[in-house]
Every structure is written in C-alpha cells, then in structure tokens.
Amino acid sequence: MTLKTTPLTGSVGASVEGISLSEPVTAEQFEQLREAFLRHCVLVFRDQRLAPAPQLAFARLWGEPVVPALLSKLQLGEYPEVIQLQTAPKELVSTEAWHYDAPHTPVPPKVTMLSAQVIPAGGDTMWSNQYLAYERLSPVMQRMLQGLKVHFRAVRLARFQGVPESEAPSAVHPLVRTHPETGRKALYIGHADNVLGIEGMTKAESRPLLDFLYQHSTQPDNVYRHMWRVGDVVMWDNRCTMHYAVHDYGNQERVLNRVTLKGEVPA
Ligand SMILES: O=C(O)CCC(=O)C(=O)O
Ligand SMILES: [Fe+2]
C-alpha cells in the first residue's frame, strides 16, 4: 500500500489513505505522516476502527501519552491513558467553544488523537489553522502582539466537572507562540470564558483585542469541519490549531476514545 495524503481544505487538514493504523508503521511511512502532520496540522484516517490498545501503540510513535488532570474521571479502566468522551448535556460541555487543549496547564499537550466509536447524526468537530490566523494579520498588528502574555483559566472545564471556578487551574503563555518543530508562529488564544486577559493590560483594553483575534481565527476560510464516521481516527497538532465540538445531537450517543501526548512549554 502506498500512503496518499489529500488536503481537505485550502487552510487546514488532510486525509490519509493507504495505511492501517492497527498494523506496525514503517519508518518511511512515519516520516511521511510526520511531514503531512506538520504541514496540514490535522490528519484524518477513515475506516480504521482502532481499539484502545492499538490507538495507544500508534500514539506512542509520536510521543508520551498523558492523562489530563480534570479528565481522570473519564479514564478507560484498563488503559488509563485513554479517555472516553461520551455524550454530555449541551449546557455542560466545555468543548463547544474554540479552544486549544489544556492551555491552563504549564505544559499543554502537543497532540490529541480521537478514535470514533459511536457517532450520532451531527456532532461534527471543527479545527482552525492558528498559523494562518497569525499570518493573515497586518504586519503592524503582528508586531503589536509580540511579547504579550495571555492568562488562561479552565473555567468551562471546571463548570463541566462541578469544580468551583476559583479552583480551576490557570497558566500564562505567550499570545504568539513559535512551533518547536516548524518554527512558524501561531496565535495562542481561546474562548472568552477561558481567557482572562493579557498581562499588564486592563480588561477594557484586552477584551476587544482578544475577541477580535478569536473571531479572526475562526472565520470559515480558516476552518476544516469534520463529519465523523464510526472508525475514523483524527489527530491534531495542539500547538497550531484550535478546535470546536459542535453539539447538535441532543442526547444521541456519541463516543470517542481520546489520547493526548505530552507537549513542550509554549514559547
Ligand atoms: O468531542 C470532540 O469532537 C472533541 C472534543 C475535544 O475538544 C477534545 O477531545 O479535545
Ligand atoms: Fe479539546
């Protein structure tokens, strides 16, 4: 089988055919996958039906699996590094908002990988390209943002888990981060609930700027929207994309197994 990569939009995402992720991946295949991953930021593999053990094995090729703190309740018994996402009430879910995974931690994960088990009608996931979000700003705005630091707090996740907001973990990271492997700059932001402000600025100064950057990042021409099928595996680069889980499926069943990989301190 030869591996074939096809872009899914002009901005972000590619689908990969000609590989079975439950079988050993050769060094040559991995190099092709790595190159595609760094270029397209999101990789889609259809018809994989990947069980937890092979999902973990494939994930380990890319890095070290981590168990995110506030999600430990969702661990799969036998595989604590695999979290199972299941249908939760729309009012509660933290993921129906554009976000990076865990920017409220000192070392956010670099990769997230989902393996679709049960898919309703709907329940799409969207990704934005945060390199392009940065590159499409004017040079003057780009310069203004250099050196700014953003204060993230896991407010939505805390609500979902029933933890008091004041106890939600928080962290400060650069607003413009440089990808450690590609050297490209990306906008590091998130939904207003989770992004408290910019260090040294008043709320009145930072809020309109952060709101503009959020809107700017998530324009339709910067987004790939994935319509899930059972068996899909999707992995994304959590250093240069935000994502948004659309909750339009009421209480229909939706189950995805998720692995995240240890990242680097954003710089
Ligand atoms: O449910 C989804 O489609 C994505 C959920 C999410 O935000 C994540 O797994 O990080
Ligand atoms: Fe997420």
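Note that the coordinates shown come from a computational prediction; the quantities given were computed from them, not determined experimentally. One-based numbering, in listed order, for ligands and for the atoms of each. Note that these values count all heavy atoms, side chains included, but never hydrogens, waters or copies made by symmetry. Residues: numbered from 1 along the sequence shown.
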Apply side-chain contact (heavy atoms from CB on, under 4.5 Å) to residues His191 and Met242 and explain how you reach the verdict. CA-CA 10 Å; His191 187 274; Met242 290 199 293; over 6 Å; no
Check the pair Arg254, Gln86 against side-chain contact (heavy atoms from CB on, under 4.5 Å), reporting the backbone distance first and the verdict last. CA-CA 6 Å; Arg254 182 177 187 271; Gln86 293 183 357; over 6 Å; no
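Between Tyr244 and Trp98, the ring planes are tilted. Angles from 30° to 60° get that label.
Distances below 4.0 Å separate heavy atoms of Leu114 from the following atoms of ligand 1: 4 (C), 9 (O). For ligand 1 and Ala245, the ligand atoms under 4.0 Å from any heavy atom of the residue are 1 (O), 2 (C), 3 (O), 4 (C). Each of the atoms 10 (O) of ligand 1 lies under 4.0 Å from some heavy atom of Asp101. Numbered from 1 in the order shown, with element, the atoms of ligand 1 that lie under 4.0 Å from a heavy atom of Thr95 read 5 (C), 6 (C), 7 (O).
Contact check on Lys110 versus Asp101 returns no salt bridge, with no Lys/Arg side-chain nitrogen under 4.0 Å from an Asp/Glu carboxylate oxygen. Here Glu17 does not pair with Arg46 in a salt bridge; the nearest charged N to carboxylate O distance is not below 4.0 Å. With salt bridges taken as basic N to acidic carboxylate O contacts below 4.0 Å, none links Arg153 and Glu165. Residues Asp248 and Lys90 are not paired through a salt bridge, judged by the lack of any N-O separation under 4.0 Å between the basic side chain and the carboxylate.
To the nearest 10 degrees, the angle centred on the Fe ion (ligand 2) between OD1 in Asp101 and NE2 in His99 reads 100°.
Closest to atom 8 (C) of ligand 1, if we only count protein heavy atoms, is Arg258 NE, 3.3 Å. Here the heavy atom of the protein found nearest to atom 1 (O) of ligand 1 is Arg254 NH1, 2.8 Å. In this structure, atom 3 (O) of ligand 1 lies nearest to the protein heavy atom Thr125 OG1, 2.6 Å.
Neither the backbone nor the side chain of Trp127 comes within 4.0 Å of ligand 1, counting heavy atoms alone.
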